[in-house]
2 protein chains.
Amino acid sequence: MADVAAEAHVSVKTVSRVVNREPGVRRDTELRVRAVIDRIGFMRHDGARILRQGRTQTIALVVEDLANPFYSQISAAVEREARIRQYQLITASAEGSPTRERGVLESLINRRVDGLVVVPAGERPAVDPTVAASGTPIVYVDRPVRGQATDTVISDNPGGVRSAVEHLVANGHRRIALLGDDAEFWTARQRREAFVQIHDALGLPGDAKVSMGPHTVDSLTERLATWSRERSPVTAVITGNNRVTLAALHAMRRSGVEMGLVGYDDFELADLIEPAVTVVNQDPTSMGQKAALQLIARILGDESPAQTVVMPTRLIVRESGRLPASRSLRKASS
Amino acid sequence: MADVAAEAHVSVKTVSRVVNREPGVRRDTELRVRAVIDRIGFMRHDGARILRQGRTQTIALVVEDLANPFYSQISAAVEREARIRQYQLITASAEGSPTRERGVLESLINRRVDGLVVVPAGERPAVDPTVAASGTPIVYVDRPVRGQATDTVISDNPGGVRSAVEHLVANGHRRIALLGDDAEFWTARQRREAFVQIHDALGLPGDAKVSMGPHTVDSLTERLATWSRERSPVTAVITGNNRVTLAALHAMRRSGVEMGLVGYDDFELADLIEPAVTVVNQDPTSMGQKAALQLIARILGDESPAQTVVMPTRLIVRESGRLPASRSLRKASS
DNA sequence: TCAGTGCATGACAGCGTTGTCGGGAAAACG
DNA sequence: CGTTTTCCCGACAACGCTGTCATGCACTGA
């Protein structure tokens, strides 16, 4: 900027004014400055600008695994909202480790990001004290965090589970089991509790059968085989998220057991496998968008009380929820 | 930092030394400083540090659509390599628009990111002049860019297409067509050219049939119907990428035509749909990793000539490449 | 005892901007 | 024509940190 100033015979401040389109520069001076800028290819150094102004116009997103479609959709949505509002997005993944998450958060706060969208890793005692102390606005997504009230966007897990169970029941299933993901995850636990509660509320026979992860195709194959060999066999399972659904589908294919299935999380091609998989769809795009908007509102000074937004889920009915018998009927008639 | 210095009765420089674990601080001074740091919750302001040191320890990734699994895998890989080496990753999406891409790049350079990994959008005349002028190292992924030599990581499109065609031919197919994506994409064009060339080289009957995108399920349904009604009908198609594969699968399901299929890009559950889809697998994770490593090498001063890395593809043989007849045989015998 | 050596520490400048303020010239006004 | 207002513009400091260099002190060896 000093170079430009020298070349154009003005002060750095005037160059600054031109670059930022501030008023108070005569037309011809502006043109002169612009000419020099173009000639020597000057580009404003935003680092210095940030240091001076105290705002980074950057938000950060911390997730577990960017390659998981659920998170990548959230990520795409957050990036989009941020970009539209002139914020840049730093994405970081904690790979599910609270330790790494701590480090990542610290580093982001050192950078003075204006705000954070976080899918908290594993079990956490409370809002991270580092973050809390920094005063950086933060919005949690998918899983809440214990401790003082914070903005949170989660999806309606009990509602989703209920819709799944009710759908199976409506299709004649009575012995329904849950294949949850690792109970370390809050969502997995919440879905488990909802399942047990609804199972009992509906007066389904026996105790609610639940198997929590982590699952492998092998372990699931065995599990399903066991369940289907019981005196009153399980006829349908609900899978706790996209990972489990995938593994369960493989296990079913391998072992040949035919069970009803409702998966948590929609996925591409769910309608093309046989039978087409009925799912509880969470809307990660909306969740990401909602979180980003809420965060930016906070950054812009919104002081209203912390808010927990519960996003509705939607049951996408395909075929896997029917009784195997009725599925064959459909096939024959089509 | 000044506050800490005052409280601890040392100079800011000493605080700086402690914070950065520089040598030359007596043990007791260090402890005193640390105590103050903890007490008042000081956190280093990396913005200022960056301004002083000239290095941002940040790289940026520009892709088309973060929600597309192909890009989200690249993104996850780049983030991982970056994080391991203490770089942060800014992710930005250009949504396929060269204009937006220009803006995004400019903004990233203003931030003085240390390097860029870019999946260039659409058609581009050459290396972006803004970027070129800034001297920021850049690595292109998935598609090269015309103009001066630059580091590029692409996958072996001709090889991938050849393996697909050969596989289909080996399974008895002769009338093979290509469903490419939008010819605006370099990869789509390259795969088309490879297809035509191999088609002719193998002496397959007739002209190589090609239909480029953008495709919809509707348009594909019609296209496939037309092809299968010809005097010598097309018996197998190759789809140009994951998007097209998905649409084609839906179209096939809807129209009931039975054709051989080899898809470009592997996808989850490809093995569970009926018939299991044979694919040409590119390895986005390796591509992202390779690109990140190359970029960081450049940042660290690697001056060797620009390099184009061609990543091999791998044909994952499942069932969709067989002739429909032999597929039924398999089903009956299993 | 004195010069020489090494270590711990501090003063200072400067990274590239922008906010504040003040000054001078031109324009407007009485 | 003198005075006030308006408009442009520049000087300067400061954002928070770190690299350089200087300083002072303790210790060593002759």
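Computed from a predicted model, the values in this text were never measured in an experiment. Proteins come first, then strands; the chains are lettered A, B, ... in the order of their sequence lines, and each starts at number 1.
- The NZ atom of A/K13 sits 18 Å away from the P atom of C/dG23 (whole-angstrom rounding).
- Neither OP1 nor OP2 of D/dG16 sits under 4.0 Å from any side-chain N or O of B/S16.
- Atom CE of B/M1 and atom P of D/dT18 are 5 Å apart (whole Å).
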Take A/R83 and B/S93, measure what side chain to side chain donor-acceptor pair (under 3.5 Å) needs, and give me the verdict at the end. CA-CA 8 Å; A/R83 178 161 38 77; B/S93 101; 3.2 Å; yes

Check the pair B/D265, B/N241 against side chain to side chain donor-acceptor pair (under 3.5 Å), reporting the backbone distance first and the verdict last. CA-CA 6 Å; B/D265 294 329; B/N241 66 23; 5.6 Å; no

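- For the 3.5 Å distance criterion, the side chains of A/E79 and B/T91 fail to qualify, holding no donor opposite an acceptor.
- Between the P atom of C/dT18 and the CZ atom of A/R17 lies a distance of 11 Å, rounded to the nearest Å.
- Contact annotation: B/T14 side-chain N/O to C/dG10 OP1/OP2 distance is under 4.0 Å.
- As rounded to whole Å, 13 Å separates atom C1' of D/dC7 from atom CG of A/D28.
- Between B/R112 atom CZ and C/dT17 atom C1' the separation is 11 Å, expressed in whole Å.
- For the 3.5 Å distance criterion, the side chains of B/T58 and A/R111 qualify, holding a donor opposite an acceptor.
- For the pair B/N110 CG and C/dT18 P, the interatomic distance rounds to 11 Å; values are reported in whole Å.
- Ranked by how close their nearest DNA chain C nucleotide is to the 5' end, B/V10 and A/N20 are led by B/V10.
- For the segment residues 38-57 of chain A, residues with any heavy atom less than 4.0 angstrom from an atom of DNA chain C are, sorted by number, A/F42, A/M43, A/R44, A/H45, A/A48, A/R49, A/R52, A/Q53.
- In terms of position along DNA chain C, the nucleotide closest to B/R27 lies nearer the 5' end than the nucleotide closest to the other residue of the pair B/R27 and A/E22.
- No engagement by B/V19 is indicated, since no non-hydrogen atom pair under 4.0 Å with the nucleic acid exists.
- Counting to the nearest Å, the P atom of D/dC17 and the CD1 atom of B/I37 are 10 Å from each other.
- For B/T29 and C/dA8, the shortest distance from a side-chain N or O to OP1 or OP2 is not below 4.0 Å.
- Counted by atom type alone, B/N157 and B/Q190 present one or more donor-acceptor pairs between their side chains at under 3.5 Å.
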